[in-house]
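Counting convention: from 1, in listed order, for ligands and their atoms alike.
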Amino acid sequence: MTQLRWTDDCEVGISQVDRDHRYLLQMINRIIVLAESGRMKHMDAWQARLNEYAASHFMREELLMETVIPEWPERAAHIKEHRNYWIWLARLDMNSDPQMMVEFLRSWWMKHILGQDKAMGQALQARGLH
Ligand SMILES: [Fe+2]
Ligand SMILES: [Fe+2]
């Protein structure tokens, strides 16, 4: 399975958020490699690390939105998408198919970064944040 590639298109223009995203993509790529090589114990360990990091990343974004753009109309939908991530993840965890898991991670993160996170980045930049 192809790994995720960081391109300029992935930049949301907020340095802290972009740093987080780069690291998240690295973690997902590691999980892809482990899933391909069938190293399930290692994959589970990295999955746990990803969960921890994703939770803190969501908190950082939500705090930024709350403090800088509290009136932004897309804020509630964005937070809901973060919440739904855990619901999807829990469902996938139950049927424990590593291929399905990595496919979900790839598609959810790319879609979220290129969609909601970029929109959030624009709203934050409009307030002078970089
Ligand atoms: Fe994000
Ligand atoms: Fe987000």
Side-chain angles (χ1 to χ4, degrees):
M1 189 173 292
T2 40
Q3 301 207 353
L4 292 170
R5 266 192 56 213
W6 182 269
T7 61
D8 289 349
D9 212 33
C10 300
E11 302 265 350
V12 307
I14 306 299
S15 54
Q16 184 192 38
V17 175
D18 285 325
R19 248 198 322 271
D20 280 7
H21 288 162
R22 279 176 191 270
Y23 189 54
L24 284 158
L25 257 58
Q26 279 176 22
M27 290 179 116
I28 294 163
N29 281 337
R30 192 172 281 255
I31 291 169
I32 291 171
V33 170
L34 292 169
E36 274 177 344
S37 59
R39 290 153 74 193
M40 291 309 134
K41 255 198 183 131
H42 289 284
M43 183 181 163
D44 287 348
W46 275 94
Q47 179 77 55
R49 275 177 215 166
L50 175 67
N51 287 347
E52 208 174 294
Y53 196 77
S56 64
H57 170 68
F58 289 160
M59 261 170 43
R60 279 191 284 282
E61 283 190 358
E62 288 167 23
L63 194 65
L64 267 178
M65 289 190 278
E66 193 185 315
T67 51
V68 183
I69 46 169
E71 75 300 337
W72 186 48
E74 290 175 50
R75 185 164 76 99
H78 193 143
I79 292 170
K80 199 172 173 199
E81 215 168 276
H82 288 170
R83 299 291 173 277
N84 285 341
Y85 174 77
W86 302 114
I87 296 170
W88 284 109
L89 211 60
R91 281 190 195 148
L92 281 163
D93 240 0
M94 277 191 292
N95 71 44
S96 68
D97 178 336
Q99 286 310 315
M100 276 173 73
M101 179 59 86
V102 292
E103 198 40 66
F104 167 74
L105 292 176
R106 285 166 52 84
S107 60
W108 193 91
W109 282 100
M110 288 320 284
K111 186 167 172 269
H112 186 74
I113 290 170
L114 295 172
Q116 295 270 20
D117 284 349
K118 275 200 118 161
M120 174 193 71
Q122 280 167 5
L124 289 168
Q125 282 181 68
R127 291 293 171 86
L129 220 76
H130 295 287

(Q) Has Gln3 got a side-chain atom pairing as donor or acceptor with Leu25's backbone, closer than 3.5 angstrom? (A)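 Checked: no pair found.
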Q: Check the angle between the aromatic planes of Phe58 and His112 and answer parallel, tilted or perpendicular using the 30° and 60° thresholds.
A: perpendicular
Q: For the residue pair Trp109 and Tyr85, categorise the inter-ring angle as parallel (less than 30°), tilted (30 to 60°) or perpendicular (more than 60°).
A: perpendicular
Q: Could you check which N/O/S atom of His21 is closest to the Fe ion (ligand 1)?
A: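 Restricting His21 to its N, O and S atoms, the minimum distance to the Fe ion (ligand 1) goes to NE2.
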Q | Heteroatoms of the protein, restricted to N/O/S, which lie under 2.8 Å from the Fe ion (ligand 2) | A | Glu61 OE1, His78 NE2, His82 NE2, His112 NE2, Asp117 OD1
Q | Polar side chain donor-acceptor pair, His57 to His21, under 3.5 angstrom | A |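 Note: His57 and His21 side chains meet the donor-acceptor criterion.
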Q. Any ion pair linking Arg49 and Glu52 (charged N to carboxylate O, less than 4.0 Å)?
A.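 Looking at Glu52 and Arg49, the cut-off is not met.
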Q: Take Lys80 and Glu74, measure what salt bridge (Lys or Arg N to Asp or Glu O under 4.0 Å) needs, and give me the verdict at the end.
A: CA-CA 10 Å; Lys80 199 172 173 199; Glu74 290 175 50; over 6 Å; no
